[in-house]
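All residue numbers refer to positions in the sequence shown, counting from 1.
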Amino acid sequence: MRGPSPRSSLLLVGILVLGGVLATVVANIDRGVPESAVEVDGPMPSIDRRALKGSRVSPDHFRGRVALVNFWASWCGPCRREQPGLERLSKELEGQGVRFVGINFQDDRAAALAYLDEFEVSYPSVADREGILAYRFGVPYLPATVLVDAQGEMRYRLVGAQTETTLRRYLTQLLAEPASPENS
């Protein structure tokens with residue numbers, strides 16, 4: 001008796017992979033996670049770099065706070081569409097325990113600075129010319145936003161341009177969680 005042909009084996013593997021992806025999407029939707037969001041876990045990778053404008057961004061910047069880490073580039077159209085909403089949301093949540101930081105991905109410094117001026121971005125952004133931070137955060141493409149809880153654990157990765165409503169919902173949820181004893 002002959003085994004399955006290589007073609008049918010490949011087809012079976014493809015069906016299983018597609019089934020796994022579909023199951024993950026359905027499970028996320030059942031939990032209220034939009035298709036563009038993926039639940040993630042693990043500690044937030046360290047960001048310790050000089051901001052494109054202003055002072056240094058270090059782990060102390062985030063300690064005990066919910067964090068929104070947004071990966072962007074001046075040449076990214078969807079990044080440009082989402083930026084005004086990010087800025088409005090950062091101002092709305094200022095003083096409520098949320099820290100925003102931008103990660104400028106593989107961009108020209110002058111173009112990045114022009115982008116920050118054009119959109120009047122008030123929160124810090126750091127350069128990631130080599131893509132090291134994007135790799136550590138598991139960013140597949142731009143724009144991407146990683147939301148981190150007050151204990152420093154990554155919770156959600158959202159890819160594609162996000163609305164203020166979607167981000168506000170996640171940030172409100174993370175802010176409502178009880179603080180750990182060491183962060184109180």
query: Quick one: do the S74 and D107 side chains pair a donor with an acceptor below 3.5 Å?
result: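 The answer is yes; a qualifying pair exists.
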
- prompt: Do Q162 and Y170 get their side chains close enough for a donor-acceptor pair, meaning under 3.5 Å?
  reply: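 There is no such pair between these side chains.
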
Restricting to non-hydrogen atoms, name the atom on [X] and the atom on [Y] that form the minimum distance, rounded to 0.1 Å.
| X | Y | value |
| --- | --- | --- |
| I132 | D128 | N-OD1, 2.9 Å |
| A51 | V126 | CA-CG1, 4.0 Å |
| L158 | Y156 | CD1-CB, 3.9 Å |
| L171 | L93 | CD1-CD1, 3.5 Å |
| R99 | H61 | NH1-O, 2.9 Å |
| A161 | P78 | CB-O, 3.6 Å |

Is there side-chain contact between [X] and [Y], with heavy atoms separated by less than 4.5 Å?
| X | Y | answer |
| --- | --- | --- |
| L68 | T145 | yes |
| P43 | M154 | no |
| P143 | Q83 | no |

Rounded to the nearest 0.5 Å, what separation is found between the [atom1] atom of [X] and the [atom2] atom of [Y]?
| X | Y | atom1 | atom2 | answer |
| --- | --- | --- | --- | --- |
| W75 | Y115 | CH2 | OH | 11.0 Å |
| F119 | L86 | CZ | CG | 10.5 Å |
| Q151 | L174 | CD | CG | 9.5 Å |
| R56 | R50 | CZ | CZ | 8.0 Å |
| E82 | E164 | CD | CD | 10.5 Å |
| W72 | L116 | CH2 | CG | 4.0 Å |

task: Kindly indicate, with the supporting measurements, whether the criterion side chain to side chain donor-acceptor pair (under 3.5 Å) is fulfilled by D48 and S58.
output: CA-CA 4 Å; D48 193 0; S58 71; 5.1 Å; no

Verdict with supporting geometry, V148 and F62, side-chain contact (heavy atoms from CB on, under 4.5 Å): CA-CA 9 Å; V148 181; F62 305 101; over 6 Å; no

Determine yes or no for a side-chain-to-main-chain donor-acceptor pair under 3.5 angstrom, with [X] supplying the side chain and [Y] the backbone.
| X | Y | answer |
| --- | --- | --- |
| N104 | A112 | no |
| D149 | R155 | no |
| E87 | S122 | yes |

query: Run the side-chain contact (heavy atoms from CB on, under 4.5 Å) check on R49 and V57 step by step: do they pass?
result: CA-CA 5 Å; R49 296 182 180 205; V57 174; 5.8 Å; no

task: List in chain and number order the residues that pass salt bridge (Lys or Arg N to Asp or Glu O under 4.0 Å) with E118, two or more places apart in sequence or in another chain; answer none if no residue qualifies.
output: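 For E118 the salt bridge (Lys or Arg N to Asp or Glu O under 4.0 Å) partners, ignoring immediate neighbours, are R80.
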
- prompt: Do you know which of V40, I47, I103 makes side chain to side chain contact (heavy atoms under 4.5 Å, CB included) with F137?
  reply: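 The side chain to side chain contact (heavy atoms under 4.5 Å, CB included) with F137 is passed solely by I47 among V40, I47, I103.
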
field: Pair F100-V121, side-chain contact (heavy atoms from CB on, under 4.5 Å): steps then yes or no
entry: CA-CA 10 Å; F100 281 61; V121 178; over 6 Å; no

message: Atom CG of residue position D41 - does it have more than 12 heavy atoms of other residues, nucleotides or ligands inside 6.0 Å?
response: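 At most 12 heavy atoms, drawn from other residues, nucleotides or ligands, come within 6.0 Å of this atom.
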
CD/E130: more than 12 non-hydrogen atoms of other groups inside 6.0 Å: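 Above 12, so yes.
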
